[in-house]
Amino acid sequence: MMTEERQEKDIRAQLCALSAALSEEGISGLSYSLRHTLSRKTGVRHGALSQREDADDTVLVIRGAYAGRKCMSAFCGVPDAETAAVFLKESAAVLLAAEAGTAEAEEADKTAQTAGAAFSFEPHEAAETALAEAEQAASGNPALFLAETLCYEQTLTETRCYGADGTLRLCDETGYHCLRVMVIAKRDGQTEYTGGCRYGSTLSEINPQELLTSLTAQAAGGLSGSSIPSGSYRTLLSPAVLAELAEAFLPAFYAENQADGQSALFGVQGKQVAASFLTLREDPQAAGGRVRRRVDDEGTPTSETWLIRDGVFETAPAKRADDAESTGNGFLQDPQSDVGTGVTNVLLTADRAHTRTQEELFALLGNGIYVTAIDGTFAGTNAKTGSFSLIAKGRLCENGAVTGAFREVTIAGNFFEMLKAAEAAGDTLSATWPDLSCVLAPALLCGELVVSGL
Amino acid sequence: MIREETAEKILDYILSHGGEFGEVFCERRLYTQMNRIATGKTDGKTEGVSCGMEAGTGVRIFRGDACIYLYTDGWKEEDLFRLLREEWGAAEGAGDRARWQDARVRYAAGSCGGAEPSLRADARIAGAGLSEKEALLIRCNLAGLSASDKIVRMRSRYVDMDQTVFIANTEGCSVYDRRQKTRLHLTATAKDGAEQQSSYVGPGAMRDFGYYETISPEDYARTAAEGAVRLLGAAPCPTGRMPVVIANGFGGLFFHEACGHSLEAKAAADGASEFSGKLGMKVASEKVTLIDDGSMAEEWGSLHIDDEGIPTRKNVLIENGVLKGFMTDRFDGRKLGLLPTGSARRQSYRFAPVSRMTNTYIAAGSDRFDEMIASVERGLFVKSINAGSVNPPTGEFNFNTGETFLIENGRITKPVHSATLIGTGGDILKKVEMVGDDYLMGQGFCYAASGAIYIGAGQPCVKISEMTVGGDEA
């Protein structure tokens, strides 16, 4: 952890001094949220180091009150008093009237703890060796053209909240290790591009060799793919695809969108929105999840909640500013943004009676398509309506057996209608990329989707 | 900002410890983000206000085929050297000290471009305070709500930045640059019964707040509102393959996705783009001339210098269908054997720069819009595009349409639901059948390896002879 005792004392002293100077400017009720990130990336290409990145980055958000109104501004590190005062006073012009007790929730627990083992960084050299070995092993597949991305990411983010006198009020920490892989396969003039990511506590636990080899095989399997006739197809979604789709539609659950009528789930809280065997659960400490948070970025404790329980829409994630009691879902999306609604780890799972192995799912699919990858969720999904239309690729199935590959088609449907029509789910979960929310999902046999192709 | 002497020390350290190239990028960025949402006939509430200052330094080192990147907030010498010493396992010696001595002479001779700007704290970012920006959003919301009684919600978003950068490298570059950007993103939601439709517009420029005196923000809000209303009652969009006419302006995002990313050096290096190895070859219809130009005055995607310190310029990528060049940066340019083209970009000091687009557009042709429509028996007219993405190795791209209309028997007949249009770049470029004479530039954001950057995407109206349309017609 970054904060050794001397550094902690320095920070407190700086904040105390800053508070004193800002107080003279008429700014009161000060609180500080300091987010410190250490990160490391190791990338390999052609058996040698291609990318090496190290970062030590701090963002400080200052909140207070000026002239009876809230004020807030963000900086990198601790700013000088003049700069801080200028921005804080300016922000008060448009922020709301200050209310009593608007500082982060007081919490006596000042101990920085992580759930599970303490986070440790693996050296670049060890990662470089492991990734090079993985690349070597995967090169045994003649279809492999290039491991275009083979990057091990390690990130630790520590959040500390201080009062005006430098008293530490809250402390939280989250970190992850992730291997990010994109492979290009080529054969007979055809090119296929596929990727995935895997989380773990160490690189050996992630098993880069197995991940790269399996993704290469997947890419090779898609090389013969071409477009297929337009129509409706029985569809099995891979875990990665369902996780990506679920991530795109999370905003439909958020309280802020419920209140505004900007959600496909508007007015249906407490009602059936998915097959009764499906559950969508948020777990801030989930095994296999990327995130470990005890409090959100507003200081509200996080907790295990059910967005969908037995197919019923149960809880709408909320932050403090929403017209609902906070559920501990107020998070900063990036250093420049204000707190928005977010989640920790969200898991979409099925009950045991409806959980199947991959082979069983294919047998149930019968004749249809197995979608292995999608793209375009940024614009091709609509959380207000639940509709989606996305470019997709995958495998054709006849009588439960893979008979070929397809690509360059779109699949379209309604996410929540799809959840209601679900028939069974897989027995392994896949997680989304580390760029946005963390969603883990299984494969899902989801009825029919509309394909646009030939 | 970082002291020039500190930057010199860092570059000297890099070369004396085995680095082949070193670069220091230091930035101070003031920014504003603000949303205002209005429903009914009131002017709404302001939320999501964020204003402040980002300041940090990134150090980049080339060694063999590896790019090493270190970054931290601020620019304290002790922090930067701690990172260098702890995190960069460099060998002693082996640096090109002679070359560095030449560079240092140029350094000392005052080759520093640009003047170190005043960094006095000023919360009037881009020349205006938050109250003025909030007032602008209120005006936009009121204009949008008043455009039609079917408009139930206006969401107006304001973003700006005032960024000062200092870039120095071991080849003697030592330059300051200041960039001011401002943009509105106006989303109107129309409702009729249970149906809701949204439409947006997003005018922006490389300018300060004075930009809004040169345009009519209210007109833009009304355009968004009218677009949303037009979408009400839209029919399901057909699926399958058909001709598509794409409107001018931000319709250029089509080419941004279809081939723009595949022409960035990061994609093309190591043969990983569908256009790798095709320089000088015909890759598109002769109607297509594709240009990326970061030097266009005051355009949203413009920069005076790129994020490696190289002046931006007009780069002709495809000329009359022939591939003429890639957008290159120093690192991937080395792999391609190409000089950098002023195309290196990054979201902030937290990212190493990578070749990216700036303002990308199809040059105007001579075909007329009415002729394009008249030439289509059954197809789509795409009046606006929301967003898209691409896989450069395969060229598979997709984009989601905004306002979309059916063309039947040479006439635009009715609005249809938005759809996803897909294809592969190499195939689609050859199917550009007509290019109009009504060029226009649009504004947007692009998210890729070096973060989110502001880009321009433009074109005249264009007709594609056939594309796969992912509609929702059963």
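Residue numbers begin at 1 in each chain, while the letters A, B, ... track the order of the sequences.
A donor-acceptor contact shorter than 3.5 Å is absent between the side chain of B/Arg241 and the backbone of B/Glu466. With hydrogens and angles disregarded, no donor-acceptor distance shorter than 3.5 Å links the side chain of B/Asp162 to the backbone of B/Ile125.
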side-chain hydrogen bond (donor to acceptor under 3.5 Å, both in side chains) between B/Ser389 and B/Asn398, worked out = CA-CA 6 Å; B/Ser389 60; B/Asn398 66 92; 2.8 Å; yes
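Across A/Thr149, A/Thr191, A/Asp375, the residue that shares the most heavy-atom pairs under 4.5 angstrom with chain B is A/Asp375. The candidate from A/Ser389, A/Ser73, A/Ala412 with the greatest count of non-hydrogen atom pairs under 4.5 Å with chain B is A/Ser389. Counting heavy-atom pairs under 4.5 Å between each of A/Ala74, A/Ser230, A/Ser227 and chain B puts A/Ala74 at the top. If you tally non-hydrogen atom pairs under 4.5 Å between each of A/Gly453, A/Pro79, A/Gly231, A/Ser39 and chain B, the highest count goes to A/Gly453. Annotation: maximal heavy-atom pairing with chain B below 4.5 Å, among A/Lys41, A/His46, A/Lys89, occurs at A/His46. If you tally non-hydrogen atom pairs under 4.5 Å between each of A/Arg45, A/Arg40, A/Met72, A/Met182 and chain B, the highest count goes to A/Arg45.
In this model, a donor atom of one side chain and an acceptor atom of the other lie less than 3.5 Å apart for B/Arg346 and B/Tyr69.
Under a 4.0 Å N-O distance rule, the pair A/Arg52/A/Glu125 qualifies as a salt bridge.
Residues passing the salt bridge (Lys or Arg N to Asp or Glu O under 4.0 Å) test with B/Asp427, sequence neighbours excluded: B/Lys431.
Here B/Phe397 and B/Phe254 bring their ring centres to under 6.0 angstrom of each other.
Proximity to chain A (any heavy atom under 4.5 Å) is restricted, for B/Lys335, to the side chain, taken from C-beta onward. Contacts of A/Leu390 with chain B are made by backbone atoms alone, with heavy-atom separations under 4.5 Å and no side-chain atom involved. With a 4.5 angstrom heavy-atom cutoff, B/Gln33 touches chain A only via side-chain atoms. For B/Arg29, the part lying near chain A is the side chain, with the backbone staying farther off; criterion is any non-hydrogen pair under 4.5 Å. With a 4.5 Å cut-off on non-hydrogen atoms, B/Tyr71 touches chain A through its backbone and its side chain both.
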